Each structure stands twice: as structure tokens, then as C-alpha cells.
Amino acid sequence: ILFYQNSDAALEAGDAPFTYAVTPNPVTLKGLYDVLVAFTNPDWNSNTYPLTVSVDEQTYRLEVALPYWDDPEAAPFRAGLVNTIDAVAMPSLGTETWRALEEAQSYFGRVQVSYNGSDSVDLWVILRIIDDLAQPTAATPPILAAARTSLETTGPDSLIQQFSQRVQDSHSGALQVQHYVKSWRNLGEVPVRLQVARQQEIGIRARIEVTGSTKLEQLLADIFLAIDLALFAPHDLLYPGAATAAGCHPRNPL
């Protein structure tokens, strides 16, 4: 944010209502000044990577989430400082490498990437086992071990190398768009922020018991609409408080 609201004392002295000097009242520019970009390449909008591991001749599909290209953890990759990835290691989090999350078959870990001989950066990683496991207690540990081995692998086709390449490609694309917006702005417009959309898949599983007189199509339509409004209500941007008054509590999608 580049603009701040001037203090009351400054306004009384005849100063402009806005200033570049930092004050307790930041101003978020709206309208033509907000630029939201979604890349044509869907991979650039995402932070998930498919991974397949084999355990005892059985193949399992996994999904790995690493930081987005514009997250602070990705700064060395974004700036082009990572010339050579020397090693990748998953240090233990207390007594275990993977910590279970509340979601079923989902785990959290940390990856330490050593590069350029003497530098390193820590990345968070989230793992989800896509396939249903008949015996989760017995099957999960070897799957997690195989996933760790894949994450710690280096080379042209390794997961960390894919992450590095995606960060650089996304950053390069964002710079091109930012240059275009700045070069082709209208007189009086000052683009100060470029926000790239982050796609986040959301899955909902529910068991609904209804009576014989319930209109199922209408019920499902109402449920989907309520979920959509709870996540983001566009009308609330034009009519502040309208969605809240209707019983919805929208959240900022960014």
C-alpha cells in the first residue's frame, strides 16, 4: 500500500488528504486501481504438485502443496538466486517427520533446501494421500516414507526443481503484466498493486436426511448458493453489509 490518509492536524494545515508518508490509516485503492490476474497456464495459479509413489508393488497417488511463487519462503527462487540445488532434507518435527492434520490422510512437514554451496531456505510442505486406504494404520507410514524420499530427491525432474521452475515462470509472467499495466494506464491512474489469483480447491462431503416432501433440486441449489456467498459475496462489494444482513458472512477471497 503506497497511500495513507493524512492526519487531522495535517488536513487542518491545508495538506492533501493522502500522503506517501506512513500513518496509522492506510488506504487501499479500489476500482480501476485493483489488478487481479489469473495466468493462462493453470499450474502458475496453483501451489500443488502431483506425486506418485510405489510401496510393495502398490502405486499411490499423492498431492503435495509447497509455497506459492509470491510467498516469502519462495523469495530466493523468485529472485533467481538459486543457481544449483545441492541437497534437500526433511528435518524431524519433534519426534516425527510428518505431522497429521485434522483433514483425513493429510500431513504437514518441513523441507530444507541447500543451494549454491552455502545457502539454505526452509519450505513448508503439505501432503495429501488421494487414494482411499483399506488399512490406513499399516499403509500410511511406508507411503509417507516414500513421499519423503521423493521430496529429498534432486535433479532435473525432481519435485523441488519443478517448484523452482514454477516460481521463476510465475514471477516472470507477473512482471510482464505489471509492466503492461503501468505502460498502458490512463492519465491519473497509478497501479500500485498486482495481485495474482490463487486457486484453492474446496471439497465438501455431507450426509443430508430429508423428508419425502422436500424438493431436492431447490434444496441443493440453496446449499450451493449459501456456500458460495459464505466464501465470497460480490454484491457486498457494491452494497456493503447487504450479504451480512442476509445472514451471510463473506470472506475476502485474497
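In this text the structure is predicted, and so the values were computed from the model without any measurement.
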Whether the side chain of [X] engages the backbone of [Y] through a donor-acceptor N/O pair (distance < 3.5 Å, no angle test) should be reported.
| X | Y | answer |
| --- | --- | --- |
| S164 | Q162 | no |
| R148 | M90 | yes |
| N47 | L66 | yes |
| Q165 | P156 | no |
| R128 | A65 | no |
| S150 | A146 | yes |

Item to check | Side chains of T211 and T214, donor plus acceptor under 3.5 Å | outcome: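 On atom types as modelled, these side chains qualify, holding a pair under 3.5 Å.
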Checklist entry - Would you say the side chains of S172 and Q168 form a donor-acceptor pair under 3.5 Å? => result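 On atom types as modelled, these side chains do not qualify, holding no pair under 3.5 Å.
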Checklist entry - Which heavy atom in L93 sits nearest to a heavy atom in G109, and how many Å separate them? => result CD1-CA, 3.9 Å
Checklist outcome for this item: Taking every heavy atom of T97 against every heavy atom of S92, the minimum-distance pair comes out as OG1-OG, 4.1 Å
Checklist entry - Counting only heavy atoms not in E103, do more than 12 sit closer than 6.0 Å to its CD atom? => result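 Yes - once you tally the heavy atoms of other residues, nucleotides and ligands closer than 6.0 Å, there are more than 12.
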Checklist outcome for this item: With sequence neighbours left out, the residues meeting side-chain hydrogen bond (donor to acceptor under 3.5 Å, both in side chains) with Q161 are none
Checklist entry - Under the side-chain hydrogen bond (donor to acceptor under 3.5 Å, both in side chains) test, which residues partner D43, sequence neighbours left out? => result none
Can you list, pair by pair, the side-chain donor-acceptor contacts under 3.5 Å of residues 72-89, counting residues two or more places apart and other chains?
{"residue": "R78", "atom": "NH1", "partner": "W69", "partner atom": "O", "Å": "2.6"}
{"residue": "R78", "atom": "NH1", "partner": "D71", "partner atom": "O", "Å": "3.0"}
{"residue": "D86", "atom": "OD2", "partner": "N116", "partner atom": "N", "Å": "3.2"}
{"residue": "D86", "atom": "OD2", "partner": "G117", "partner atom": "N", "Å": "2.6"}

Item to check | Rounded distance (nearest 0.5 Å) linking atom CH2 of W98 with atom OH of Y107 | outcome: 10.5 Å
